[in-house]
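These notes are about the structure you will find just below.
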Amino acid sequence: MGHLDHATLGWLTPVLSYAMACTGAALGLRCTVRALAATGRVRRNWLLTAASAIATGIWTMHFTAMLGFGVSGTDIRYDVPLTLASLVVAMLFVCVGVFAVGRHPGRVQALLLGGLTTGLGVAGMHYLGMAAVRLHGEVSYDPVRVALSVLIAVVAATAALWAALAIRSPAAVTVASLIMGAAVSSMHYTGMYAVGVRVTPSGEPLPGASAMSFVFPLAVGLGAYLFITSAFVALTPAAGERHASASASASARRPAGQPVP
């Protein structure tokens, strides 16, 4: 068996991956709050932004953590189409889950369905991303730890969607995003500790791209998307703020002594 190291770069990758998960969760929560205060096309756009933020945060968390993954006795490469497919899976499943609760925010069934769908999407993204790993040897999984990681993903996703419906204040969103980031990281490392590798030494080159030539630039790009979108959301007034601003403008234009309609 090859020796697995989940932090070859020290604490850098665990801490940075946790930060990515928290950022995606916080942005997704804020966008969902904006969506529930809107209607029609505006609600749809906010829900799409929320889903892309959560999925991007989860995917970036996973592959940032994978930058620190190493196995003694073999190099590691990544299958590019499978790696990209894992991102698409995360986007689609999280989108379904977010829209399930966003369209029917008061229904418990919608919350449970959304949590199950999103959680399975997170787990699917993780194990599809692991299927993209190429190394000299065979990868095996502990089924109990795999099942536990999927359970953590479903519970974390359900809690995240519930928080999106129930939490409104910025302080509460911050606390919830820190908890959600910890849950997503726990799911990832539980899944990683389910991995076993039997190395078969070989001098043949591995197919696929290295982490630094492909995964790292893509993770940096998606991380930049998260931070830019966070700035946009922070600078975009909420529905209540727009209503208050419109009311103030109307009052300023109203002649003195004219009654308020």
Side-chain angles (χ1 to χ4, degrees), residues 6-32 48-70 76 78-95 97-98 118-133 149 152-153 156-157 160 164 173-174 176-192 208-234:
H6 300 285
T8 59
L9 301 178
W11 284 100
L12 176 63
T13 50
V15 171
L16 188 57
S17 63
Y18 173 67
M20 291 296 100
C22 291
T23 302
L27 180 56
L29 287 176
R30 292 305 300 163
C31 290
T32 306
L48 286 173
T49 305
S52 67
I54 294 171
T56 299
I58 293 169
W59 190 94
T60 306
M61 177 272 146
H62 171 80
F63 280 99
T64 299
M66 290 301 291
L67 293 174
F69 176 66
I76 295 177
Y78 292 87
D79 181 280
V80 173
L82 277 180
T83 301
L84 295 176
S86 69
L87 176 60
V88 173
V89 165
M91 290 285 187
L92 291 178
F93 276 78
V94 173
C95 190
V98 167
T118 303
L120 292 178
V122 171
M125 177 279 300
H126 175 90
Y127 288 105
L128 189 57
M130 288 303 299
V133 172
S149 70
I152 292 173
V173 166
T174 300
S177 65
L178 293 175
I179 295 173
M180 289 161 53
V184 172
S185 296
S186 298
M187 178 269 159
H188 170 83
Y189 284 105
T190 300
M192 292 308 296
S210 68
M212 296 307 294
S213 67
F214 171 62
V215 173
F216 178 72
L218 186 56
V220 169
L222 291 175
Y225 162 77
L226 282 178
F227 285 107
I228 292 172
T229 307
S230 297
F232 170 77
V233 172

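The model shown is predicted, which means the values in this text are computed figures rather than measured ones. When a residue number appears, it is its place in the shown sequence, counting from 1.
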Identify every side-chain donor-acceptor pair in residues 216-230 under 3.5 Å, counting partners at least two apart or on other chains, and give the distances.
unit_1: Y225; atom_1: OH; unit_2: S52; atom_2: OG; d: 2.7
unit_1: T229; atom_1: OG1; unit_2: Y225; atom_2: O; d: 2.7
unit_1: S230; atom_1: OG; unit_2: L226; atom_2: O; d: 2.7

So, taking the atom named [atom1] in [X] and the one named [atom2] in [Y], what distance separates them when rounded to the nearest 0.5 Å?
X	Y	atom1	atom2	answer
H188	Y18	NE2	OH	15.0 Å
I54	I58	CD1	CD1	7.0 Å
L16	L67	CG	CG	8.5 Å
T174	I179	OG1	CD1	11.0 Å
M187	H126	CE	NE2	5.0 Å
M130	F69	CE	CZ	5.0 Å

Considering non-hydrogen atoms only, spot the tightest contact between [X] and [Y] and give its length.
X	Y	value
T13	L9	CG2-CD1, 3.9 Å
T8	G70	CG2-N, 3.8 Å
G119	A157	N-CB, 3.5 Å
Y127	S149	OH-OG, 2.7 Å
T49	C31	CG2-SG, 3.6 Å
A156	A183	CB-CB, 3.5 Å

Inset, instruction - State, yes or no, whether a side-chain contact exists between L29 and M180 at a heavy-atom distance under 4.5 Å. - result: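 They are in contact (side-chain heavy atoms under 4.5 Å apart), so the answer is yes.
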Legend entry - Verdict with reasoning, V133 to M66, per side chain to side chain contact (heavy atoms under 4.5 Å, CB included): CA-CA 10 Å; V133 172; M66 290 301 291; 4.1 Å; yes
Inset, instruction - Output yes when a side-chain donor or acceptor of T64 lies under 3.5 Å from a complementary backbone atom of M61, and no otherwise. - result: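 Here the side-chain-to-backbone pair does not exist.
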Inset, instruction - Please name all residues satisfying ring-ring contact (aromatic ring centres under 6.0 Å, His included) with Y189, sequence neighbours left out, ordered by chain then number. - result: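 Not a single residue meets the ring-ring contact (aromatic ring centres under 6.0 Å, His included) criterion with Y189.
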Hey, can you pull the donor-acceptor pairs under 3.5 Å for the side chains in residues 78-91, sequence neighbours left out?
unit_1: D79; atom_1: OD1; unit_2: L82; atom_2: N; d: 2.9
unit_1: T83; atom_1: OG1; unit_2: D79; atom_2: O; d: 2.7
unit_1: S86; atom_1: OG; unit_2: W59; atom_2: NE1; d: 2.9
unit_1: S86; atom_1: OG; unit_2: T83; atom_2: O; d: 2.5

